[in-house]
Amino acid sequence: MMMHAESLEPRDPAVAPEAVREAPSAETGDREVVPPFVEHVALWSAIDAETARMRTMTAPAGFAARVLAGLDRR
Amino acid sequence: MPQDSTASPLPPSDSADLDQAVIDRVLAGDRDAFGILIERYSDPLYRHAYGMTGSADVAEDILQVSFIKAFHHLGEVRGRFDAWVFRIVANGCKDWLKNIRRTHLSYEEDDQPSGYETPDEELDRGEIRRDLDGALAALPSSLREAFVMKHVEGRSYEEMADLLDTTVGALKMRVHRAREALQKLLEDRYS
């Protein structure tokens with residue numbers, strides 16, 4: 001009998017624009033069952049790019065000096 | 001030299017020992033040594049405050065008040081300084097979210113360099129930035145906090161659980177729910 005196996009090739013986003021993300025399983029300690037939702041690949045690509053940009057942000061220049069100066073005013 | 005905030009953090013035991021040595025100096029009267037702790041932790045804490053409030057000015061204000069509060073209560077630190085000061089900042093962010101209607105805030109107040117290659121890219125990315133922040137603002141603070149810590153701060157679930165005193169499973173669920181909610185709020189605009 002011919003078996004149909006799931007392809008191991010990475011999916012081309014242009015062909016399969018959505019991905020199914022499983023909810024955290026019960027083995028993590030949360031017993032509540034949440035159905036998987038289908039991720040919108042283009043949306044999450046945009047969000048991931050934005051969060052990656054935010055991950056490089058730093059406190060404003062001179063911040064530590066301003067805090068130390070603020071200690072004197074209190 | 002300030003620690004590179006994008007580099008891997010020190011192992012908790014090492015950084016805790018270093019922090020405690022600085023705390024001892026500050027408590028002995030070396031007030032300026034507190035600047036070492038500010039330099040060490042201000043970048044990740046700023047990202048947290050910015051992610052939670054969507055405003056550079058508010059994030060800086062919350063951070064400044066938090067560090068001043070930390071300085072005046074430094075003798076009360078029990079355990080890790082980084083976790084203690086994180087809780088001060090996180091509570092400051094939650095209080096701000098509770099008390100302030102933020103719809104009047106403008107993104108123009110963010111004076112961070114954009115980091116985008118071209119003005120067109122900046123325009124396109126500016127749209128997702130506004131959309132994402134608007135959607136984050138619609139989330140309950142616990143979901144926003146989990147999403148920001150995971151996806152903006154890049155923390156592990158174990159680190160998040162340690163800082164928030166909850167379980168990895170609960171945090172995975174919060175991040176999952178945040179992603180679901182964000183997608184519901186935004187997918188029409190990106191379909």
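Note on naming: letters A, B, ... go to the chains in the order of the sequence lines (proteins, then strands), and numbering restarts at 1 for each one. As a basis for the values below, the full set of heavy atoms in this structure was taken, side chains included, without hydrogen atoms, waters or symmetry mates.
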Pick one of side chain, backbone, both or neither for [X], based on which atoms fall under 4.5 Å of a heavy atom in chain A.
X	result
B/L45	neither
B/F147	side chain
B/E153	backbone

Flag the pair [X] / [Y] as yes when at least one side-chain heavy-atom distance between them is below 4.5 Å, and no otherwise.
X	Y	result
B/R179	A/E39	yes
A/W44	B/L182	yes
A/I47	B/L186	yes
B/Y46	A/F63	no
A/T51	B/L132	yes
A/R66	B/E60	yes

Reported [atom1]-to-[atom2] distance for the pair [X] and [Y], which is rounded to 0.5 angstrom:
X	Y	atom1	atom2	value
A/M57	B/R47	CE	CZ	9.0 Å
B/D43	A/R55	CG	CZ	14.5 Å
B/R130	A/E50	CZ	CD	10.5 Å

**Q.** All pairs passing salt bridge (Lys or Arg N to Asp or Glu O under 4.0 Å) where residues 63-73 of chain B contributes a residue, at least two apart
**A.** none
For residues [X] and [Y], report the shortest heavy-atom separation together with the two atoms involved.
X	Y	result
A/A64	B/G35	CB-O, 4.5 Å
A/M54	B/G51	CE-CA, 4.0 Å
B/R31	A/L68	NH1-O, 3.3 Å

Q.
Holding to side-chain hydrogen bond (donor to acceptor under 3.5 Å, both in side chains), I want the full list of residues that pass it with B/K94, two or more places apart in sequence or in another chain.
A.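 For B/K94, the residues satisfying side-chain hydrogen bond (donor to acceptor under 3.5 Å, both in side chains) (neighbours in sequence not counted) are B/E145.
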